[in-house]
Amino acid sequence: LAKQLPEIQFHIVGGRDEELENWRKTPLPENLTLHGFVEPGRICAVRESFDVLLLPAQRRVLGATGNEDISRWMSPLKLFEYMSSGKPIVASDLPVIREVLTDGKNALLVDPESLAGWATAVERLWRNTELSARLAETAKRDFEAHYTWDARAEAVLEGLER
């Protein structure tokens with residue numbers, strides 16, 4: 001994606017040391033920065049420095065055993081962190097993500113395997129600040145209304161006898 005959009009700076013946060021070492025041995029585009037592990041106490045500040053947040057979830061996610069696909073049940077916690085940040089989001093168009101995000105309302109959703117789709121979405125947000133702001137504001141408002149710890153606890157307790 002960074003190669004497709006050389007005018008945009010990309011940052012990858014996370015990854016194990018051995019993975020990062022392997023990536024750093026290959027020629028990387030000049031517009032790509034690998035940050036590696038960022039301490040949890042610093043991650044909000046790092047995320048705040050970005051203009052758009054990408055959530056490239058895959059269609060198939062293997063559990064700890066490596067034998068079972070858990071993609072139907074995974075909880076995309078990073079998604080909720082992204083929503084709370086007030087930044088526009090581009091995410092994979094997957095059923096588990098569509099339970100929370102709606103394309104064009106609070107994010108842009110793209111086929112996880114379509115590099116062209118990801119490039120189009122990122123470039124669209126980069127060029128259209130009004131769209132970026134609207135999606136970010138709606139995502140944050142949706143997060144605050146439905147996905148904070150208090151909102152989730154209230155939803156769980158709703159209907160139970162007290």
Side-chain angles (χ1 to χ4, degrees), residues 1-103 106-126 132-133 135-140 142-144 146-149 152:
L1 188 56
K3 287 178 183 177
Q4 294 253 328
L5 301 170
E7 67 278 13
I8 298 175
Q9 185 65 40
F10 287 84
H11 297 264
I12 298 177
V13 176
R16 294 188 304 265
D17 289 340
E18 58 271 11
E19 292 170 329
L20 294 170
E21 284 304 314
N22 284 335
W23 278 108
R24 288 185 175 120
K25 290 176 186 173
T26 65
L28 296 174
E30 289 185 24
N31 62 329
L32 177 64
T33 302
L34 301 177
H35 292 272
F37 174 77
V38 173
E39 293 181 20
R42 290 188 43 240
I43 197 67
C44 287
V46 171
R47 191 172 47 238
E48 190 64 30
S49 71
F50 302 146
D51 296 322
V52 174
L53 302 175
L54 305 181
L55 186 66
Q58 302 302 299
R59 290 189 194 283
R60 195 159 183 256
V61 177
L62 296 180
T65 64
N67 297 324
E68 185 178 7
D69 180 9
I70 61 169
S71 60
R72 294 178 298 183
W73 304 287
M74 73 176 187
S75 175
L77 292 177
K78 188 179 301 292
L79 170 58
F80 299 120
E81 293 173 4
Y82 283 11
M83 291 175 74
S84 74
S85 73
K87 300 287 183 171
I89 302 165
V90 180
S92 294
D93 188 4
L94 300 173
V96 71
I97 292 176
R98 271 183 278 157
E99 290 178 17
V100 178
L101 297 179
T102 302
D103 185 45
N106 55 9
L108 295 181
L109 301 180
V110 297
D111 180 334
E113 297 163 12
S114 172
L115 183 57
W118 284 90
T120 298
V122 169
E123 196 165 35
R124 187 173 168 204
L125 292 177
W126 188 60
S132 291
L135 293 175
E137 289 167 15
T138 304
K140 186 168 186 171
D142 288 350
F143 170 78
E144 290 170 348
H146 304 290
Y147 301 106
T148 64
W149 289 111
R152 296 300 297 150

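Remember, it's a predicted structure, so these values are computed and weren't measured experimentally. We count residues from 1, following the sequence as given.
- Once rounded to the nearest 0.5 Å, the distance linking OG of S85 with CD1 of I43 reads 11.0 Å.
- The two residues N31 and P6 have their closest heavy-atom pair at ND2-CA, 3.4 Å.
- Across every non-hydrogen atom of P29 and K3, the tightest pair is CG-CG, 3.6 Å.
- Looking at every heavy atom in both residues, Q4 comes nearest to A119 through OE1-CB, 4.1 Å.
- Remark: M83 CE to T148 OG1 distance equals 11.0 Å, nearest 0.5 Å.
- Rounding to the nearest 0.5 Å places NZ of K140 at 11.5 Å from CD1 of I89.
- D51 and K87 are not joined by a salt bridge, as no carboxylate oxygen comes within less than 4.0 angstrom of a charged side-chain nitrogen.
- Nearest heavy-atom pair, R24 versus L34, reported as atom, atom and distance to 0.1 Å: NH2-O, 3.1 Å.
- Rounded to the nearest 0.5 Å, atoms CG (L20) and CD (E18) are 8.5 Å apart.
- Annotation: side chain of V122 is in contact with side chain of L5 (closest heavy-atom distance under 4.5 Å).
- No more than 12 heavy atoms of other residues, nucleotides or ligands sit less than 6.0 Å from atom CZ of R42.
- Between I8 atom CD1 and L32 atom CG the span is 13.0 Å, to the nearest 0.5 Å.
- In this structure, P112 and L94 approach most closely via the heavy-atom pair CG-CD2, 3.9 Å.
- Inter-residue side-chain proximity for I12 and W23 is flagged as unmet; no heavy-atom pair is nearer than 4.5 Å.
- Considering CG of L55 and OH of Y82, their distance stands at 6.0 Å, rounded to 0.5 Å.
- Here the side chains of L79 and Y147 are not in contact, with every heavy-atom distance at 4.5 Å or above.
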(message) Could you walk me through whether F143 and N106 satisfy the side-chain contact (heavy atoms from CB on, under 4.5 Å) test, starting with their C-alpha distance in whole Å, then the side-chain angles of each, then the deciding distance to 0.1 Å, before giving a yes or no?
(response) CA-CA 10 Å; F143 170 78; N106 55 9; over 6 Å; no
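- Annotation for P88 and A136: closest pair N-CB, 3.5 Å, computed over non-hydrogen atoms.
- Salt-bridge check for E19 with R16: passed, with a basic side-chain N closer than 4.0 Å to an acidic carboxylate O.
- W118 places a side-chain N or O within donor-acceptor distance of the main-chain N or O of D111, the cut-off being under 3.5 Å.
- Checked by atom type and distance alone, the side chain of R124 never pairs as donor or acceptor with a backbone atom of L108 at under 3.5 Å.
- In terms of modelled atom types and a separation under 3.5 Å, the side chain of S132 and the main chain of L125 share a donor-acceptor contact.
- In the displayed structure, R47 atom CZ is contacted under 6.0 Å by more than 12 heavy atoms of other residues, nucleotides or ligands.
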